[in-house]
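Numbering starts at 1 and runs along the sequence shown. Below, all heavy atoms of this structure are taken into account, side chains as well, without hydrogens, waters or symmetry copies. All of these numbers come straight from a predicted model, not from anything done at the bench.
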Amino acid sequence: MGEQWIEDFFETESLQRSVQSLEELNNNHRKEEFDWFDHWYPLHVVDTMDPTRPHKAQLLGMNLVLWNDGPTEHKKKIVGNWNAYRDSCPHRRAPLSEGRVEEDGSLSCSYHGWKFEGGPASSSGTQAAGGRCCSLPYSPRRFEDRHMAKAACEVFATKIADGMLWVFPQAGLEGILRSENRPLPLVSELHDDSSSTEWQWRIPAGVRDFPCGFDTMIENTLDPAHFCVAHHGTLGNRYTDPSAFGFSVERPLTSKEGFELDGDMGSLEFVPPCLVKYRPNFPAMPFQKNLLLATYCVPTKPGWVRPLANVLVRKSKNNDEDKMPDTLAKRALDIFMGPFTPTWFGHIASSIVLHQDAGLLHHQYRNMKSMGYYNSTFKEGSTTEKDLIYQDLCYTPNRVDKGIVTFRRWFDTMAGGDVPWACDNPPDSNNNMDNVDIYDMWDAHTKNCQYCSTAYANLEAIKKGAYAISLAALLFLPYESHERVAVTIVAGGLGFGLEKFNELFLRYEYHHHEND
């Protein structure tokens, strides 16, 4: 009993000392201001994007339009370069994301028909030029060149890497030049010559936006302890898995390089501004660090985040995989990473896991916001511009929370305490989130994913066909025939089953009290 008290005391005292060091860290790093707009961010998964139409997106509070400038020849789209423009036509500021990609590959504004060109990629692979207006249908011919010269769009540099479309959030020539000197925060395991061929890699959940803070999602990915409870029945067991897990520092925290931890549940790494890498290894997820979850938590607009989760599995050697315990987590991984699992199924089925977090994160963000965590008012003589820091609101006495506490040091003392959102989506415009559908799938993902939108349309057609066959059998086959009964029941059952399954494309609601 006495030994346990001493252990608990020093564990708590150690974390309290780390909290007390926040002021010292703030004094040391206040001059090293973190520039959120001086980094590359992955914004989309390329193979899920329909190149024949524009895509609306947000980044750091800016409204953007993503589009492909390849021409359409013989009714077939030739994939060209992916471009990122401010989602605002220079004419009357109508959204270009409501426009069209024309057959010549230009982006057309649907308000008055102004058209804009894409641009060629540079030698480094950066898509940066472009934005020039190439058609002003209402301008007199003698003035058209002069008018077009002043009608350029605001352009952002883009790159394609690891299957994702990356955007550099500084526009114009200065942003393009700066982007050339800024490395992409790639998952090093995919590019290290000694290990890149050892990994099987996927982005199984696709692309979707969640109604919670960027920092709330970072916390979630740095918190392997939540797998045990929040993902009861899919990745863990709330009654048998929790334990006094701990983490220790492997690489100390810095403003630009983040930090790395190792401990009883595996290893954690945070790479600013938004990459979290987790290699799990504990009884519920006994992968011996042969599984890597690399998640980019992209800050889109206040109260919203776009997590792009890369899953890497080390290719088994000497049947090591067969020796691994058959846990819930391993079964879920086998489904998502299986070679015969359709891409769209991985996207839709992932909501069964992701929505176990969705309600918790949404309301956690709202609680923190309502309690004043994101309020910034500079006070003379103060060491921080924030009214409150994380430890003023949250009690984190255990070593299993070390990843969260360390990230909050970076966020509060090195990165300004909040994302400096651009004026397109200022924080004050996001106060009322009462009408947000936390569990929506259609607007958040399905309609914007070419895999899932196509699969939904096909499955809906099969469903309607099954119902039609069932009805036809009931009406037209001989009354007392066995075929009439069999076809009616089988076809009707198929239609009903697809009707229930297809709801996953639209909405999936989850509540923890219903999960026994």
Side-chain angles (χ1 to χ4, degrees), residues 42-53 55 68 76-77 79 160 162-165 187 190 199-210 231 233-235 291-296 306-316 321 326 328-358 439-467 469 490-491 493-510:
L43 206 50
H44 225 297
V45 177
V46 174
D47 70 354
T48 70
M49 302 173 73
D50 182 354
T52 67
R53 68 174 184 86
H55 298 262
N68 191 280
K76 183 178 180 179
K77 176 74 173 184
V79 177
I160 304 294
D162 292 346
M164 294 177 287
L165 174 62
V187 179
L190 292 175
W199 297 92
Q200 178 188 0
W201 165 73
R202 266 196 182 184
I203 306 177
V207 179
R208 60 170 299 183
D209 296 331
F210 280 84
H231 296 294
T234 53
L235 300 177
L291 170 67
L292 172 62
L293 307 176
T295 306
Y296 294 94
R306 174 170 290 186
L308 299 177
N310 294 257
V311 178
L312 287 73
V313 180
R314 194 185 300 274
K315 297 176 182 177
S316 61
E321 187 174 331
D326 186 26
L328 293 169
K330 183 180 183 299
R331 277 177 262 161
L333 182 68
D334 290 342
I335 293 174
F336 284 118
M337 301 297 288
F340 303 109
T341 301
T343 299
W344 63 264
F345 182 80
H347 292 181
I348 297 305
S350 65
S351 63
I352 297 173
V353 175
L354 296 176
H355 286 198
Q356 291 179 312
D357 285 334
Y439 305 108
D440 166 64
M441 278 296 292
W442 177 257
D443 290 313
H445 174 79
T446 302
K447 74 176 185 180
N448 301 308
C449 173
Q450 64 174 349
Y451 290 117
C452 294
S453 58
T454 300
Y456 177 71
N458 291 339
L459 290 174
E460 280 290 287
I462 295 173
K463 180 194 76 175
K464 292 174 182 177
Y467 278 144
I469 292 172
V490 171
L494 175 62
F496 180 76
L498 285 174
E499 185 166 342
K500 291 300 180 183
F501 179 79
N502 288 357
E503 291 176 359
L504 289 174
F505 290 93
L506 308 176
R507 191 174 188 275
Y508 177 73
E509 187 165 348
Y510 179 90

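Note that CG of Leu291 is 10.5 Å distant from CZ of Arg314, once rounded to the nearest 0.5 Å. Atom CG of Leu190 is separated from atom CG of Leu292 by 8.0 Å, given to the nearest 0.5 angstrom. From Arg507, atom CZ reaches atom NE2 of His355 across 9.0 Å, with rounding to the nearest 0.5 Å. Residue Leu354 holds its CG atom at 12.5 Å from OH of Tyr510, rounded to the nearest 0.5 Å. Rounding to the nearest 0.5 angstrom, the gap separating the CG atom in Asn448 from the CE atom in Met49 is 9.5 Å. Of the inter-residue distances, the one linking Arg208 atom CZ with Met441 atom CE reads 5.0 Å to the nearest 0.5 angstrom.
Residues Val187 and Trp201 fail the side-chain proximity criterion, which asks for heavy atoms closer than 4.5 Å. The closest side-chain heavy-atom distance from Asn68 to Lys77 is below 4.5 Å.
When all heavy atoms of Leu165 and Val46 are compared, the closest pair comes out as N-CG2, 3.7 Å. Of all heavy-atom pairs spanning Phe210 and Ala358, the tightest one is CE2-CB, 4.2 Å. Contact between Met164 and Leu308 at its shortest, heavy atoms only, is SD-CD1, 4.0 Å.
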Which pairs of donor and acceptor atoms, one on a side chain in residues 338-350, lie under 3.5 Å apart (sequence neighbours left out)?
residue: Thr341; atom: OG1; partner: Ile335; partner atom: O; Å: 2.6
residue: His347; atom: ND1; partner: His445; partner atom: NE2; Å: 3.4
residue: Ser350; atom: OG; partner: Gly346; partner atom: O; Å: 3.4
residue: Ser350; atom: OG; partner: His347; partner atom: O; Å: 2.6

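With sequence neighbours excluded, the residues satisfying side-chain contact (heavy atoms from CB on, under 4.5 Å) with Lys447 are Trp442, Asp443. Residues passing the side chain to side chain donor-acceptor pair (under 3.5 Å) test with Asn458: none are found, sequence neighbours excluded.
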### Message
Checking Leu459 against Phe505 for the side-chain contact (heavy atoms from CB on, under 4.5 Å) test, could you report, in this order, the C-alpha distance in whole Å, the side-chain angles of both residues, the deciding distance, and whether it holds?
### Response
CA-CA 10 Å; Leu459 290 174; Phe505 290 93; 3.8 Å; yes

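Between the side chain of Gln450 and the backbone N or O of Asp47, at least one donor-acceptor pair lies under 3.5 Å. Formation of a donor-acceptor pair under 3.5 Å by the Lys463 side chain with backbone atoms of Asn502 is not found in this model.
Of the residues Ile203, Asn310, Leu43, the one that meets the side chain to side chain contact (heavy atoms under 4.5 Å, CB included) test with Tyr296 is Asn310.
Surrounding CZ of Phe496 are at most 12 heavy atoms belonging to other residues, nucleotides or ligands under 6.0 Å away.
His55 and Asp50 share no side-chain donor-acceptor pair at under 3.5 Å.
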